[in-house]
Amino acid sequence: QVQLVESGGGLVQAGGSLRLSCAASGSIFSINAMGWYRQAPGKQRELVATSATGGNANYADSVKGRFTISRDNAKNTVYLQMNSLKPEDTAVYYCNANFRQYYISPVREVWGQGTLVTVSS
């Protein structure tokens, strides 16, 4: 059983910063990509940032220049540094990973439970 555990959400004033962390645990042979998505009240879940192993990072236009995704592959952990936060960044942030459990396993997807980020004006 592979799980993602997120941490780092909370309440922050507009213009402030937060750092989210997400650690993958369980039987993992390799991780193809890890990323962050968010879902605001009444809206669909949307991509925030993704990081492919050995590849480039990909960001939503709304967070470019403010958010930075990074990974510690040795720890199967992904981070999201969020700066210059805006009230419209308020959402539940979900961690996502695409991984292989064994060498010959198909690629599977797993989601974290979500962490709430609230930005006050």
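Quick note: residue numbers are just sequence positions, from 1. Any value given below was found using the heavy atoms of this structure, including those in side chains, with hydrogens, waters and symmetry copies removed.
- Closest of all the heavy-atom pairs between K75 and T77 is O-OG1, 2.9 Å.
- Grouped by direct or indirect side-chain proximity (heavy atoms under 4.5 Å, Ile/Leu/Val/Met/Phe/Trp/Tyr only), I28 sits with V2, L4, V12, L18, L20, I31, M34, W36, V48, Y59, V63, F67, I69, V78, L80, M82, L85, Y93, F99, V110, V117, V119.
- For Q3, the side-chain hydrogen bond (donor to acceptor under 3.5 Å, both in side chains) criterion is met by no residue, not counting sequence neighbours.
- Screening residues 54-83 for disulfide bond (SG atoms under 2.5 Å apart) gives no qualifying pairs among residues at least two apart or on separate chains.
- Considering only residues two or more places apart in sequence or on other chains, T53 meets the side-chain hydrogen bond (donor to acceptor under 3.5 Å, both in side chains) condition with R71.
- Scanning for ring pair (Phe, Tyr, Trp, His ring centres under 6.0 Å) contacts around Y102 gives an empty result, with sequence neighbours left out.
- Listed by first and then second residue, the salt bridge (charged side-chain N to carboxylate O under 4.0 Å, His left out) pairs that reach into residues 25-49 are R38-E46, R38-D89, sequence neighbours excluded.
- Y94 places none of its side-chain heavy atoms less than 4.5 Å from the side chain of Q113.
- Taking all atoms of both residues into account, the shortest heavy-atom contact from A33 to A52 is CB-CA, 4.0 Å.
- Identified under the salt bridge (charged side-chain N to carboxylate O under 4.0 Å, His left out) test for residues 94-121, with sequence neighbours left out: none.
- Considering only residues two or more places apart in sequence or on other chains, S84 meets the side chain to side chain contact (heavy atoms under 4.5 Å, CB included) condition with R66.
- Screening residues 7-34 for side chain to side chain donor-acceptor pair (under 3.5 Å), with sequence neighbours left out, gives S17-N83.
- Contact record, L116 with A91: CD1-O, 3.6 Å, taken as the closest heavy-atom pair.
- Under the disulfide bond (SG atoms under 2.5 Å apart) criterion, no residue pair touches residues 43-78, with sequence neighbours excluded.
- Listed by first and then second residue, the disulfide bond (SG atoms under 2.5 Å apart) pairs involving residues 6-66 are C22-C95 (not counting sequence neighbours).
- For Y37, the ring pair (Phe, Tyr, Trp, His ring centres under 6.0 Å) test picks out W111, with sequence neighbours left out.
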